[in-house]
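Numbers for residues simply follow the sequence, beginning at 1. Every heavy atom of this structure was used, including side-chain atoms; hydrogens, water molecules and symmetry mates were not.
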Amino acid sequence: MKVHVKVFPIAGLCDRTKKLDIALEDGSMNELQTYLQERLDVSNHKIETLMFLHNGHALDKQKDVVFEDGDQLWLMPVISGG
């Protein structure tokens with residue numbers, strides 16, 4: 001299955017938006033995180049400092065999500081209000 005990932009600028013990770021098409025075998029969140037660690041060096045960032053939007057909705061990173069073919073995932077810094 002192919003998941004479309006858009007990575008927004010994140011300090012210390014990337015300085016401009018990146019678009020990736022990721023081929024996943026089992027479609028699990030664990031598989032996705034492993035891919036991102038290998039390709040984007042996400043391992044240097046605590047997962048709590050990153051926000052995932054899955055098809056336009058906030059994604060609970062603690063749950064075992066299964067992605068489907070064609071899903072859209074956005075990876076961005078956590079946004080806090082003040």
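Thr34 OG1 to Met29 CE: the interatomic distance, rounded to the nearest 0.5 Å, is 10.5 Å. Atoms CG and CG, from Leu36 and Leu73 in turn, are 7.5 Å apart once rounded to the nearest 0.5 Å.
Other residues, nucleotides and ligands place more than 12 heavy atoms under 6.0 Å from the CD atom of Gln72.
A single hydrophobic cluster is seen to contain both Leu75 and Met1, as judged by linkage of ILVMFWY side chains at heavy-atom distances under 4.5 Å, directly or through other members.
Partners of His54 by ring-ring contact (aromatic ring centres under 6.0 Å, His included), not counting sequence neighbours, listed by chain and number: Phe67.
Using a distance-only test at 3.5 Å, with no hydrogens or angles considered, no donor-acceptor pair links the side chain of Glu31 to the main chain of Leu24.
The minimum heavy-atom distance between Asp71 and Asn55, with the atom names listed, is OD1-ND2, 3.2 Å. Scanning both residues, Pro9 and Pro77, for their nearest heavy atoms gives O-CD, 3.7 Å.
Screening residues 4-24 for side chain to side chain donor-acceptor pair (under 3.5 Å) gives His4-Asp21 as the qualifying pairs, with residues at least two apart or on separate chains.
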